[in-house]
Amino acid sequence: MTVSTLVSLAPKHDGGLMLKNPVMTASGTFGYGTEYAKLVALERLGAIVCKGTTLRPREGNPQPRIAETASGMLNTIGLQNIGVTALVREKAPIWAKWDVPVIVNIAGETVDEYGKIAETLEGVPGVAGLEVNISCPNVAAGRIPFGVDCDAAAAVVTAVRDSSSLPIIVKLTPNVTHIVEIAEAVVAAGADAVSLINTLLGMAIDVRAKRPYLSTLTGGLSGPAIKPIALRMVYEVAKAIDAPVIGIGGICTAEDAIEFLMAGATAVQVGTASFVNPNAAIEIIGGIDSFLREQGMKDIGEIIGVAQMGRRT
Ligand SMILES: Cc1cc2nc3c(=O)[nH]c(=O)nc-3n(C[C@H](O)[C@H](O)[C@H](O)COP(=O)(O)O)c2cc1C
């Protein structure tokens, strides 16, 4: 029996963004894909999302910038990356030869910077779409992240939309009171899809040094510890908006991924799990396929959103 796992991440976009399966790798946990090429059959992935890319190269934050936690990790990498110009010159030509879409995750400190990065990526072979990270500090607003304010988040999306013809996924921060409002604002501003969640703000203390462990005091929590929170947010956002939702947060197994799909996600991203097992995403793809067969289903669409209470007809 053939099972279709094809999903569309940008159904309202002219060019669309079709994935052969709903499993992607999450930004910052899979480098530029090239680092994993010898370990992972990349062409089997639904898509790869590359490391957060800024207008200029960044060295990132000082050490220590990683701390292990119960069922997760804290990080404060600080967007270390090669910058968009080097990405276009060195990485995109490699991606253009791959049989897997690569989505570039972009990050700016001003609305204008987001627009300029998008402009630089316009028409570049090998770039299939943009994922806009709005968790970044907004310099003009006293470094309060764009993603915690509907107007600031929408302004970023408008700038990117005006500079790019690519499908646009907006990546939401969970460090907000009402994530649904932010999701609605970015979709109204032209996002083709939303992805959530980015990391949750957390902290660790070095008890011998009697000070916070991470160089920047706080960091982003990821891994299995955040899964129930992520799942709840995905459920709420998927119920509220008329655009595809990509579920992220602590996904380690096929069953985790299926939970997100049933909550209403059209696709999922695997992050921290790739650090433990580089083939985690590939194993999840196989596990979803087995589940669909076991359930006698022919299409991935049969599980998307089925756990949404009050939505089923
Ligand atoms: C070391 C590390 C670096 C990350 N870098 C980025 C980044 O550059 N841009 C971004 O949008 N998200 C970044 N993230 C967030 C992940 O893409 C993902 O949203 C988050 O880790 C939750 O998923 P997980 O629990 O599966 O890791 C990073 C996460 C980790 C652990």
Side-chain angles (χ1 to χ4, degrees), residues 23-33 35 47-54 57-61 63-84 87 103-109 114 117 129-137 145-147 153 156 160 168-175 179 186 193-202 214 216 218-231 233-234 245-254 256-257 259-260 265 267-278 280-281 284:
V23 183
M24 316 161 72
T25 57
S27 179
T29 64
F30 212 72
Y32 295 95
E35 299 87 339
I48 293 169
V49 184
C50 81
K51 175 65 194 165
T53 300
T54 50
R58 281 173 64 107
E59 284 185 2
N61 293 330
Q63 302 286 355
R65 50 189 200 176
I66 295 273
E68 276 201 48
T69 64
S71 298
M73 63 181 276
L74 286 164
N75 91 82
T76 177
I77 305 299
L79 289 175
Q80 179 182 357
N81 79 100
I82 59 174
V84 70
L87 180 144
I103 293 162
V104 177
N105 179 287
I106 66 170
E109 289 193 333
Y114 279 99
I117 303 167
L130 303 177
E131 183 178 61
V132 184
N133 175 5
I134 55 170
S135 302
C136 313
F146 293 96
V156 168
V160 174
I168 297 171
I169 300 162
V170 178
K171 182 161 178 183
L172 306 179
T173 170
N175 304 309
I179 198 163
V186 300
V194 295
S195 57
L196 64 147
I197 58 174
N198 210 317
T199 53
L200 281 149
L201 259 187
L214 296 171
T216 53
T218 60
L221 183 65
S222 64
I226 71 170
K227 196 192 90 180
I229 301 169
L231 194 58
M233 290 185 166
V234 164
V245 173
I246 301 165
I248 322 168
I251 298 174
C252 296
T253 65
D256 293 336
E259 281 192 69
F260 278 86
V268 294
Q269 293 182 10
V270 178
T272 302
S274 296
F275 293 149
V276 181
N277 170 13
I284 289 170

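Everything numeric in this text was worked out from a predicted model, so none of it was measured. Each ligand, and each atom within it, is numbered from 1 in the order the structure gives.
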For [atom], find the nearest protein heavy atom and state the residue, atom name and distance (0.1 Å precision).
{"atom": "atom 29 (C) of ligand 1", "value": "N75 ND2, 3.7 Å"}
{"atom": "atom 3 (C) of ligand 1", "value": "G28 O, 3.4 Å"}
{"atom": "atom 20 (C) of ligand 1", "value": "T199 CG2, 3.8 Å"}
{"atom": "atom 9 (N) of ligand 1", "value": "S27 OG, 3.1 Å"}
{"atom": "atom 21 (O) of ligand 1", "value": "S222 CB, 3.2 Å"}
{"atom": "atom 11 (O) of ligand 1", "value": "N105 ND2, 3.0 Å"}

### Query
So which of I168, V49, L130 actually passes side-chain contact (heavy atoms from CB on, under 4.5 Å) with I103?
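Passing option: V49.
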Verify whether one side chain among [X] and [Y] offers a donor that lies under 3.5 Å from an acceptor in the other.
{"X": "N198", "Y": "T173", "answer": "no"}
{"X": "T272", "Y": "S222", "answer": "yes"}
{"X": "S27", "Y": "E131", "answer": "no"}
{"X": "N61", "Y": "T76", "answer": "yes"}

Purely on distance, is any nitrogen or oxygen of [X] under 3.5 Å from one on ligand 1?
{"X": "G271", "result": "yes"}
{"X": "I77", "result": "no"}
{"X": "E131", "result": "no"}
{"X": "K51", "result": "yes"}
{"X": "K171", "result": "yes"}

Looking only at non-hydrogen atoms, find the nearest pair between [X] and [Y] and report the distance.
{"X": "L200", "Y": "I226", "value": "CD1-CG2, 3.7 Å"}
{"X": "Y114", "Y": "G108", "value": "CZ-N, 3.2 Å"}
{"X": "L172", "Y": "L196", "value": "CB-CB, 4.1 Å"}
{"X": "I248", "Y": "K171", "value": "CD1-CE, 3.8 Å"}

Where ligand 1 meets [X] - atom numbers and elements under 4.0 angstrom, heavy-atom basis:
{"X": "I248", "answer": "18 (C), 19 (O), 22 (C), 23 (O)"}
{"X": "N133", "answer": "9 (N), 10 (C), 11 (O)"}
{"X": "G250", "answer": "24 (P), 25 (O), 26 (O)"}
{"X": "I226", "answer": "22 (C), 25 (O)"}
{"X": "A26", "answer": "17 (O)"}

### Task
Please verify whether a non-hydrogen atom of A273 lies at under 4.0 Å from ligand 1.
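Distance cut 4.0 Å: A273 fails for ligand 1.
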### Message
Strictly below 4.0 Å, N to O, side chains only: are E35 and K51 in salt-bridge contact?
### Response
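No, E35 and K51 are not salt-bridged.
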Record the part of [X] in heavy-atom contact with ligand 1 below 4.0 Å; permitted values are side chain, backbone, both and neither.
{"X": "N198", "value": "both"}
{"X": "T272", "value": "both"}
{"X": "N81", "value": "neither"}
{"X": "L79", "value": "side chain"}

### Query
Any donor and acceptor pair, going by atom type alone, linking the side chain of R58 with main-chain N or O of G78 inside 3.5 Å?
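A pair under 3.5 Å: yes.
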### Message
Would you say CD of Q63 has more than 12 non-hydrogen atoms from neighbouring residues, nucleotides or ligands within 6.0 angstrom?
### Response
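Enclosed.
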### Task
Go through T25 and V270 one step at a time and tell me if the side-chain contact (heavy atoms from CB on, under 4.5 Å) criterion holds.
CA-CA 5 Å; T25 57; V270 178; 5.6 Å; no
